[in-house]
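Because only heavy atoms are used, hydrogens play no part in the values below, and waters and symmetry mates are left out as well, while side chains stay in.
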Amino acid sequence: MSRHSRRIIGRGRVNFGRTLRFRFDGAEYVGHEGDTLTSALLANGVWLAGRSFKYHRRRGFYAAGAEETNALVEVRGMDGLRAPNRPASELRLYDGMEAFSQNCSPSLRYDIGALRGSLFAPFLGAGFYYKTFMGPTRKGWRFYEHMIRRAAGMGRLSEDVMDHAQHESANLFTDVLVIGSGPAGLAAAGAAAASGARVTLVERDFAAGGSLLGERGGSQADIWRRRILSFLEESENVRIFLRTECFGAYDGNCFGMVERLREAGESGAGSRSRLWRVRARRVILASGALERPLVCEGNDLPGVVLSSAARLWLTRWGVLPERRIVIAANNDSAWETAEELAFAGMEVGAKITLLDARREGAGSERLQRLRMRGVEIHLGYVPIAVRGGRRVKGLLAAPFDADANIVVLDNDNDNDNDGDGDDGAGSNGGGDSAGEGGTDEGTTNEGAVKESAEAMETDNGVGDTAGKVAGKTRYFAADMVCLSGGLDPNLRLWSQRGLSPRYDEKIAAFVPGDEMPPGWEVVGGARGTFSRGEAIKEGRRAAEAAVGSRAASFGADDDNGGALADIFTIDDGDELARGGWRVAPCPLWLSRGGEDAFSRRAFVDLSGDVTVKDMAIAVREGYNQPEHAKRYTTAGMGADQGKTSGTNAAGILSLFAKRKMERLGTARPPYTPVEIASLAGAEVGRHFRPVRRSPLHDVHLREGVQWIESGEWMRARYYPASPQESVEAGYVRESAAVRGGVGMTDVSTLGKILVQGADAEKFLERVYVNNIASLKSGRVRYGVMLRDDGMVFDDGTLTRTKDGGFWITTTTANAGAVLQRLEFLHQAEWRDLEVFLTSVSDSWAGIAVAGRESLSVVSSVFADDDIASLPHMGALEVLYGGEFARVHRMSFSGERAYEVFVAAHFGVSLWERLREAGSERGIVPYGLEALDALRVEKGHITVSEIDGRVTLADLRFEGMLRRKSGLAVGVPLGRRAGLTDGDRPCLTGLRPLGAGQRIESGSVLFGMDGEMSGHGEGWVSSACYSGECGGYIALGFLSRARAREGEEVRCFNPVGRSVVVARVVSPCFVDSEGERMR
Amino acid sequence: MLMIPCPWCGERAEVEFAYGGEGGLSRPVVPGDLSDGEWADYVYFRKNPKGTHCELWHHLHGCGRYFEVVRDTVDNKVHGSAESGSDIRGVSDVKKV
C-alpha cells in the first residue's frame, strides 16, 4: 500500500493544503493541519506506537481520545526538554513535532524489556510484589530492586534540562459551567447563553463538537454544529475553552482546568499552559461516553482498536488505516462504524466484516442496509482470539448462544498458540518479514474451520455473561480488528464528588444515580443517552433548569433568541437526531469459558497489563472485593485510570466472584495526567518560596555579608574580614569585638506588635506570665508567654508607650504565630476586652549596639541627653529624622547594649551613622552566628531552647511567675504534677573536659555510668566556641541539673556516634552577676 | 475547595482562610475553679462529628477576623457563619451571609 492511499479523499476535517513535517522515533513523516499524531502516523502506515508498561508488549494506536492507553509518547521540546506520557490521540500535529515512543530500550522494534516480559510474565502475575517481597522472601527485594526500578515508571523526565516555559494560573467565576462540547453540551451552552447568564463551555479537544466532528462537512449535523457554535462565539456572555482539560471537581463546585496553549515543542510566545480555578454556580456535565472493548485472547496486538476510534479516524481525519477489517461487537454503535467504513471503503475495495454477539444484530433494517453496502455480517458470533505476531492477522470467532449465554467453540483451536503473540525480539530476533513468532494462521486456520457440536468442558461455574462454548469456530483474516463492548458514560468528574454510579442492565453500563452534587446536571452520553436528538433535548432542558425562568425568553423577540429557537427546532426524523441504540446490547464480559481457559494474553487493562488470568488469581486467592481485586491486580490503576477497562474488570470480577456488578474503585482528580509545571504555574523557585529581606539588606551587602536563610528571612551570618575567613573564625572575631569594645547587628527581623485599647494591660496580663501592671512607662520588661498546656510558647520584650499602649517584640521565628494567637485570644476567647492588635514588624528597622563603648556610639547619633542616664531596661522615645524612634537599653549579649528602632526607611541611614560614629572605637558589624555565640555565653535562650517541650521551670524562670498569675494562659495546666516534677531536665551549661573538644547540639546526655541507650537524661540545645571561656561551650537540658553542677556527663552525638565528656556548669558562662550590662 | 461566607467580607475562597479549630468553646472565666479534668477537656478534647460541626475560621488573607462557621463534615456544605461568640453550634440553618 502506498503512503497516502490510507487517506480517503473527501472525508475528514484535515486541511490537505497545509503539510506538516514531523518525526516519530527519528523517522520523518508528513501530515496535515488538523491531524493528531495518531491520525498522521496511521496515514503513514505506522501502527507500532509503544511498548506496554509491564511486559513491554508491542502496542498500537487504540483510541481516538483521552481513553488512549497504548500510544503514550514523549514530545521533545525546546532545549531537549522531554514531555512524557502525552497521548498521541490528543497531540495536535504541528510542523517540526518530534515525538518518541516510550518503554522501549534500545528501540521500539527491538526491546530488551520484551524479553524480560516474556521470561518473567508467568511470575509477574497478580500479587507478585506482595507475595515476593512482603512475605518470608522479602529479602529478595534487595536483589531485584534495581531491576524492578529500572523497569518501572512511565516515560522519562529531563533531569538535566530546566523547563524554562512559563505557566500561569487564573480564576474564573461563571454561572453555568458546561463540560463537553458534544451535541448535549452545545445545546446546554446555547440554551444557557440565551438567558444572559455567564456561560463557560469547556472542551478538551482542539475543536468543538464532540461526536459531531465525525459528520461530513455540509451535512445537517455539521451545519447545526456550526450554527450553534457561531451563536456561542458571538454571545458576549459565553466563554469557550478549547484544548482545555477540566481535570478535577472539588467542593463548592470548584473545578480545576488546564488550558494547553502550546505543546512542549511548539514554538510561540507566552505561557505554555494556564491553570484555571473555576467557580460555577451550576454545572452541566456533558462529557459523553467512552467505548470499551471486548475482552478476548490477544486483544492487545497492534491493529486491535476500539470501533469508535476506527470510525473517528475515518470520519474526522479521513484515515482508513487498513483494507481488511473485522468488527466484533455486542451493541449498535459498532454498526455505525461498519456503515461508515463500508461507505468509504467501497471506493478503495475494503472488506468489512461485522460480528455481533446478538442474534438479531441491530435490527433487520440496518442489517439490510449494511449488507447492501457489502458488509459481511455474522450474527451470534463473538471473538475468541485475535491471531497474529507483530501485527493483527485475523480473528477467531465462535457462535454465541445469547439465550443460553453459550459461546460455541470447537476443541482444536484451543490452547494451540502459546507461541504467538510473542515478540519477535524474544523469539526470532526480529526482522519484519521473518517468522512472525508462531504460526501464520491467516492461511492455516481460515480453511480449517471445523465443525464441532460438542460443548467443551470449560464451564467452571462461570455465570451469565461469560460465554460458554458449544460449536464451530470461524476464522477471519484481518489487518485491523475493531472491538466494541459497549459504551460507558464518562462519569469521572461526577464520581470525583464522592458519588457511586449504579449499574444499568439495559445498556450494560454504569450510569449516574439519582443523587447529584448541588447544582449539577448530567446530560447526554454521560447519562447513558446515546441518541443525539435526546441528548440535545436533555442539554437544553438542563440549561433551562439551571438558569431558571430567564431561559424561557429565547425563541421570542430578541434576535439571538430567535436564531436559537430555530437551531433547536429538530424533528425526530432529522439526520441530526439519529443515532442511539435501537436494540439492547448483550452484556459480554468474557467471550470464552471459565477462568482457566484463559492464557495470560487476554487483557482486561491494557495500560497496566492486567489479564483475565490476573483477575482469576485475585479471586481465587480471596481478593474478591472490588477494592481488593483492583489493588491486587492493579486493574484500573494505570495511566488511563481504567477508562476503557473499568467496566470490563467489574464485569469479570462479578463473574468470577459471583457478585453483583460493582464499580471498581473510585474516581479521583485528575481525569487525565496534569503536568506538575501546570499546577505550579508561576510559583517556581523564589516565587514559590520568597524570602524576606530586612530594611538593612543593601547595607549588609556593602559590608560584604555572608547570608544565611533563617526561616523566611535572609539574615547576615557574618561579615568575613577576608575572603578566606571561615564562619567560625568570623563569629569568634566578631564576638570578641563586642566583648572587647563595641559591635552592631541588625535586629529588624524581630516581630513587633502594637497592643492598644482600654484593656491592653488586662489583655497582656492574661497573655504573659509576668507582672505587666507594674511595668512603668519608660521601662522595658522581658516577658514569656505560655501555651494553654503550660509549655513555653514565645519570649520577647514589652514596653509601655506614652499613649498607654504597649510595644511588644517576639522572636523572629514566631512573629506570625504570636500575632495569630493573640488575635485568636482576643477575637474568640476574650471578646469583652477592648484591644487592638497591629503588626508593626515591617514598619521598624532595628539595630542593636552592644559593648562597653555602646553608649558613646549611640549618644553621638542621638542628641537626647536622657540617653546617657537611661538605666538598664529603660526605654526612651526619641526623634530620628523628625520621626519617632525608640531606644531600649537592654542586653542579649550580656554587655551594655542599646536596641535602637527607627522607621524602616531610616534603617540604612541609622546603620551608616552608627557605623561612622563607632569607627574610631573600632565598631564591628556582627552577624547571626556571633549573636548566637554571645547569647549562649550569657545563657540566654532562643527558639533552640523554646522547642515546645519546656516549661518555665525547665528554663529556670519560675521566679518570673507573678503572684496572681492564675488567669494567664497556660499557668493552670503548667502546675500539673508532671510539669513540676523536679526530675525534669532543666537548663544547664556544659563544658567539655578535654581542651579543644566540642559538643555538638543535638547530642544526648547520659550520666557517667551505664549504657548509652534510650533518651538519656537530657539533650544539648545550642553549642558554640566561646572566646571568653577559651573553648567550646554548650547549653542543654539535663535532669536535676541544678543539683548536679560540677558533675560530669557524657554527650553522645548520634550522628557522628562520638562521645564527649563534659562538666555540668551554670548556664551563664560570663558575668553571672550581670555587672557589665548594668 | 470550600466557599466560606465571612460575616464581614462575604463569600470567599478557602485559600484566603486559616482553620481555627472547633468553635463555640468558651474559655473558663475563673481558671482556678476548674479541675484538671475540666481543663483537659477544654484544652485537649475536641468533637469530631460526622455531620454538622461548628468551627472557627480566620480570614487571614482578608479582614483578619475569626468567626464561626457551621459546616457539614460529610458533604462539606457550609450552612452559615456568624461573628465568633454567637454560639451557632447545632444550628444547621443559620442565615447565610
A/Glu245: what forms a salt bridge (charged side-chain N to carboxylate O under 4.0 Å, His left out) with it, not counting sequence neighbours? A/Arg204
Between chain A and chain B, identify all donor-acceptor pairs below 3.5 angstrom, including backbone and side-chain atoms.
from: A/Asp251; atom 1: O; to: B/Met1; atom 2: N; distance (Å): 3.0
from: A/Asp251; atom 1: OD1; to: B/Asn76; atom 2: ND2; distance (Å): 3.3
from: A/Asp251; atom 1: OD2; to: B/Asn76; atom 2: ND2; distance (Å): 2.3
from: A/Arg279; atom 1: NH1; to: B/Met1; atom 2: O; distance (Å): 3.2
from: A/Arg279; atom 1: NH2; to: B/Leu2; atom 2: O; distance (Å): 3.1
from: A/Asp788; atom 1: OD1; to: B/Arg27; atom 2: NH2; distance (Å): 2.6
from: A/Asp788; atom 1: OD2; to: B/Arg27; atom 2: NH1; distance (Å): 3.2
from: A/Gln820; atom 1: O; to: B/Tyr66; atom 2: OH; distance (Å): 3.4
from: A/Gln820; atom 1: NE2; to: B/His58; atom 2: ND1; distance (Å): 3.4
from: A/Gln827; atom 1: O; to: B/Ser84; atom 2: OG; distance (Å): 2.6
from: A/Gln827; atom 1: OE1; to: B/Tyr66; atom 2: N; distance (Å): 2.3
from: A/Gln827; atom 1: NE2; to: B/Gly64; atom 2: O; distance (Å): 2.9
from: A/Glu829; atom 1: OE2; to: B/Arg27; atom 2: NH1; distance (Å): 3.4
from: A/Glu829; atom 1: OE2; to: B/Tyr42; atom 2: OH; distance (Å): 2.2
from: A/Arg976; atom 1: NH1; to: B/Tyr44; atom 2: OH; distance (Å): 3.4
from: A/Arg976; atom 1: NH2; to: B/Tyr44; atom 2: OH; distance (Å): 3.4

Between chain B and each of A/Pro972, A/Ala968, A/Pro518, count heavy-atom pairs under 4.5 Å; write down the option with the most. A/Pro972
Given that the side chain runs from C-beta out, which part of B/Ala18 has a heavy atom under 4.5 Å from chain A: side chain, backbone, both or neither? side chain
Largest heavy-atom contact set with chain A, pairs under 4.5 Å, which of B/Leu34, B/Leu2, B/Leu56: B/Leu2
Interface moiety of B/Leu60 toward chain A, non-hydrogen atoms closer than 4.5 Å: side chain
Report which part of A/Leu967 has an atom under 4.5 Å of a heavy atom belonging to chain B: side chain, backbone, both, or neither. both
